[in-house]
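For reference, the structure discussed in these notes is given below.
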Amino acid sequence: MKSFVHRGQITKVVFGSGTRAGLGGEVEALGRGRALVLCTPGQTAQAREVREILGSLTAGVFDQAAAHTPVAVTGKAVDAARAADADCLVSVGGGSTIGLGKAVALRTGLPHLALPTTYAGSEMTPILGETQEGVKTTRRLPEVLLDTVVYDVDLTLTLPPHVAAVSGLNAMAHAVESLYAQDGDPLAFLTAGEALDALAVALPAILRDPADTEARATALYGAWLAGTCLGTVGMALHHKVCHVLGGSFDLPHAQTHAVVLPHVVAYNAPAAEAAMARIGRALPGPDPAGAVFDFAGGIGAPRALRDLGMPESGIAEAADLVVRDGYWNPRPVHRDAVRDLLRRAWAGEPPARAASDRSYDPTGARHA
Ligand code: NAD
């Protein structure tokens, strides 16, 4: 067996239906009693309910969380926490709200609890992305790991099925890249495979019946596992491409992941045999990239970057940015290959291995 290093998680996880009722006990278990509740302007109803559950343990609500964690918003939230004399933070929402909670926790040292409402997985990671003057930077900081995560499937029932689909594909992308991570370990591989199995079953079921609570629970379970993987092992080409597209072209996070994933699976397939076999177990088909493409299309995910607002003229610039910094990927990354991958993703074409396109050889060679 290959040698490995595994880093364990410190975050307490509570999972189930109706678990938010025990949130006060979780705040008290941390020795705290004045929570600042964080949410986006669109999730004030859920934050209000959490405020009622917490009762006298609530210090206030800050409802201005925004995408990409702008530092200006973080500054306002820090002021709100100090003004309310808060002694802990409770984030109710998706990656945007939890990102704000992490940014405030970093600056104040306050303990952080979350009730996740999407499948983005940020609650399980030490990753903090922040935006200042249009530039997004991402860091791994153990200080931003959450103290407690309360998964309550009931809070995800309001997630519209098409949002659940792309958010679920965002989670599947964490799992896929964990399967071939440079610092991967056996536990991450097992966890990522289980995440793919859960999401592969649950997402189509949610599309068929949005009120299917068992499917919603299975999707949230898969999202927890995928987020755990994202938090413990490093990501590769897929996350780099999505980071560039989100940061430089302001494309929506989960939708971008949904479009790009099959193309990166195609690109990495020749260099990640075990990962491809595991993807094939979760999503059977003649080739893993084609199976991911068909699965995403089958649950109504967008297929083309141009439909998300990406200009065709941006493809070359994006390819330059993807290769500029140099980072690990199971298969070496070349600018022309990235440009080809992006062009396909921009146009909504099937991934290279699934297409009968002889001009592109998945081993990396370009043909005249
Ligand atoms: P989000 O948090 O921005 O939520 C998307 C929209 O859906 C928001 O308007 C939100 O209010 C709404 N919403 C969320 N849950 C809902 C529900 N249950 N019912 C109805 N509406 C709901 O989106 P996201 O995809 O969860 O997160 C994206 C952000 O998180 C990005 O900025 C991304 O970079 C970040 N992220 C960070 C990490 C990390 O580890 N640091 C991981 C994944 C994502």
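In each ligand, atom 1 is the first atom listed, and ligand 1 is the first ligand listed. It should be emphasised that the depicted structure is a prediction, and the values quoted were computed from it without experimental measurement.
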Query raised in the report: Any salt bridge (Lys or Arg N to Asp or Glu O under 4.0 Å) pairs touching residues 18-27, not counting sequence neighbours?
Result: Lys12-Glu26, Arg20-Glu49, Arg20-Asp152, Arg20-Asp154
**Report entry** Check ion pair Arg82-Asp79 (N to O, under 4.0 angstrom)
**Finding:** no
Query raised in the report: atom 7 (O) of ligand 1: protein heavy atom closer than 4.0 Å?
Result: no
**Report entry** Backbone or side-chain N or O of Gly121 under 3.5 Å from ligand 1 N or O
**Finding:** no
Query raised in the report: Is a salt bridge present between Asp197 and Arg278, judged by a nitrogen-to-oxygen distance below 4.0 Å?
Result: yes
Query raised in the report: Going by the atom numbers of ligand 1, which of them fall below 4.0 Å from some non-hydrogen atom of Leu155?
Result: 18 (N)
Report task. For the pair Asp325 and Lys240, find out whether any cationic side-chain nitrogen is under 4.0 Å from an anionic carboxylate oxygen. Result -> yes
Query - Closest to atom 31 (C) of ligand 1 (judged by heavy-atom distance), picking from His253, Glu130, Met124, Glu123 - result: His253
**Report entry** Distance from atom 4 (O) of ligand 1 to nearest protein heavy atom, with residue and atom
**Finding:** Thr118 CG2, 4.4 Å
Report task. Specify whether His257 and His238 have parallel, tilted or perpendicular ring planes, treating 30° as the upper limit for parallel and 60° as the lower limit for perpendicular. Result -> tilted
Query raised in the report: Which part of Val163 is near ligand 1, with near meaning a heavy atom under 4.0 Å away: side chain, backbone, both or neither?
Result: neither
Query raised in the report: So which protein heavy atom does atom 10 (C) of ligand 1 come closest to, and at what separation?
Result: Gln43 OE1, 3.3 Å
Report summary line: Note: heavy atom closest to atom 11 (O) of ligand 1, options Thr40, Thr117, Thr256, belongs to Thr40
Query raised in the report: ligand 1 and Ala120, any nitrogen or oxygen pair closer than 3.5 angstrom?
Result: no
Report summary line: Closest to atom 3 (O) of ligand 1 among protein heavy atoms sits Ser96 OG, 2.5 Å
Requested in this report: Report yes or no: do Glu130 and Thr74 form a side-chain donor-acceptor pair below 3.5 Å?
Outcome: no
Query raised in the report: Considering only heavy atoms, which of Lys136, His68, Arg216 lies nearest to atom 34 (O) of ligand 1?
Result: Lys136
**Report entry** Numbered atoms and elements of ligand 1 in range of Thr125, under 4.0 angstrom, heavy atoms
**Finding:** 39 (C), 40 (O), 41 (N)
Query - Taking every non-hydrogen atom, the tightest pair across Ala258 and Leu169 - result: CB-CD1, 3.6 Å
Query raised in the report: In the protein, what heavy atom is nearest to atom 17 (C) of ligand 1, and what distance, to one decimal place, separates them?
Result: Thr158 OG1, 3.4 Å
Query - Pairs touching residues 5-25 that satisfy ring pair (Phe, Tyr, Trp, His ring centres under 6.0 Å), sequence neighbours left out - result: Phe15-Tyr151
Query raised in the report: Which ligand 1 atoms are under 4.0 Å away from a heavy-atom of Ser122?
Result: 37 (C), 38 (C), 39 (C), 40 (O), 41 (N), 42 (C)
Requested in this report: Under 4.0 Å from a heavy atom of Lys102: give me the atoms of ligand 1 that qualify, with their elements.
Outcome: 39 (C), 40 (O), 41 (N)
Requested in this report: Measure the distance from atom 41 (N) of ligand 1 to every protein heavy atom, then report the residue, atom name and distance (to 0.1 Å) of the closest one.
Outcome: Ile127 O, 2.8 Å
Report task. Identify the protein heavy atom lying closest to atom 24 (P) of ligand 1, giving its residue, its atom name and the separation to 0.1 Å. Result -> Gly95 N, 3.5 Å
Query raised in the report: Can you name the closest pair of heavy atoms from Leu89 and Ala105 and give their distance?
Result: CD1-N, 3.6 Å
Requested in this report: State, to 0.1 Å, how close Pro330 and Tyr180 come at their nearest heavy-atom pair, and which atoms those are.
Outcome: CG-CD1, 3.5 Å
Query raised in the report: Going by the order shown, which atoms of ligand 1 are within less than 4.0 Å of some heavy atom of Gly94?
Result: 2 (O), 26 (O)
Report summary line: Exactly one candidate in Gln9, Lys102, Arg140 meets side-chain hydrogen bond (donor to acceptor under 3.5 Å, both in side chains) with Thr125; the answer is Lys102
